[in-house]
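As structure tokens, the structure follows; a few thoughts come after it.
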Amino acid sequence: MAADGARLMAVPRQLPNAITIARILCAPVFLWMLLVDNGSDGALRWWAAALFVVAIATDGIDGYIARKYNIVTDLGKLLDPIADKVLTGVAFIGLSILGELPWWVTIVVLVREIGITVYRFIVVNNHVLAAAWMGKLKTVAQSVALTLALAPFAALIGDWANWVNIVTMWIAVALTIASGLDYIVSEVRGARTQRATGKK
Ligand SMILES: O=P(O)(O)OC[C@H](O)CO
């Protein structure tokens with residue numbers, strides 16, 4: 001008991017949210033590095049890729065601390081999933097600004113991510129639209145594809161790195177669309193079942 005109390009006192013209540021906000025603030029910094037580098041393979045491009053990897057890889061640390069020390073807040077529940085989408089969304093936008101990724105890819109991804117997030121908030125008082133396994137896989141696929149696209153590996157290991165980038169990006173985009181459709185289908189089915197059973 002005393003040990004628990006000491007642990008609770010040792011962790012500031014706002015630490016998880018501070019970590020989440022720090023992750024979100026990495027987004028404009030790595031976008032700036034990316035754009036200043038302007039598509040060259042310079043050191044800033046590697047720093048931009050490294051910052052993206054650190055920010056995206058620390059997903060879960062904030063939530064883990066909040067749960068472990070029982071300091072989960074509504075703000076944290078709101079901010080945590082948004083942090084991932086800000087990081088990946090900014091990376092997609094940066095690559096399109098540089099002309100390294102077609103704008104239609106970025107627009108399709110943003111429409112899916114913003115659409116599902118907004119829908120999740122709209123229905124929150126009715127039911128929780130939990131992250132599905134395909135959505136989680138999509139986030140991993142996007143993170144891998146963006147890391148490979150941001151880090152100029154082709155300068156180190158040759159052109160075949162570009163082919164790996166293209167294949168991983170296609171997989172990420174396909175999973176982004178498929179997981180979005182998966183949510184829509186499950187919501188439509190759920191609504192039909194509710195109507196059929198008369199449940200609210
Ligand atoms: O399917 P989404 O957009 O809710 O994303 C899933 C989460 O990123 C999983 O952590």
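In each ligand, atom 1 is the first atom listed, and ligand 1 is the first ligand listed.
Using a 4.5 Å heavy-atom threshold, the side chains of Val109 and Gln142 count as touching. Inter-residue side-chain proximity for Arg189 and Val185 is flagged as met; some heavy-atom pair is nearer than 4.5 Å. A 4.5 Å side-chain heavy-atom check between Asp80 and Asp59 finds at least one atom pair inside the cut-off.
One N or O on the side chain of Arg45 and one on the backbone of Leu150 form a donor-acceptor pair closer than 3.5 Å. Without hydrogens or angle criteria, Tyr183 side chain to Ala132 main chain gives a donor-acceptor distance under 3.5 Å.
Enclosure of atom CH2 in Trp103 by more than 12 non-hydrogen atoms of other residues, nucleotides or ligands within 6.0 angstrom is indicated. Heavy atoms of other residues, nucleotides or ligands lying less than 6.0 angstrom from CH2 of Trp46 number more than 12.
Ranking the protein heavy atoms by distance from atom 10 (O) of ligand 1 puts Lys136 CG, 4.3 Å first. Looking only at protein heavy atoms, the nearest one to atom 3 (O) of ligand 1 is Lys85 NZ, 2.4 Å. Residue, atom and distance of the protein heavy atom nearest to atom 7 (C) of ligand 1 are Thr139 OG1, 3.6 Å.
The shortest N/O to N/O separation between Tyr183 and ligand 1 falls below 3.5 Å. Considering backbone and side-chain atoms together, Lys138 places an N or O closer than 3.5 Å to an N or O of ligand 1.
Counting heavy atoms under 4.0 Å from ligand 1, residue Arg112 touches it through the side chain alone. Residue contacts with ligand 1 for Met134 are absent, since no atom lies close enough (heavy atoms, distance under 4.0 Å).
For ligand 1, the atoms lying closer than 4.0 Å to a non-hydrogen atom of Glu113 are 3 (O).
Under the 4.0 angstrom criterion for non-hydrogen atoms, Arg120 is in contact with ligand 1.
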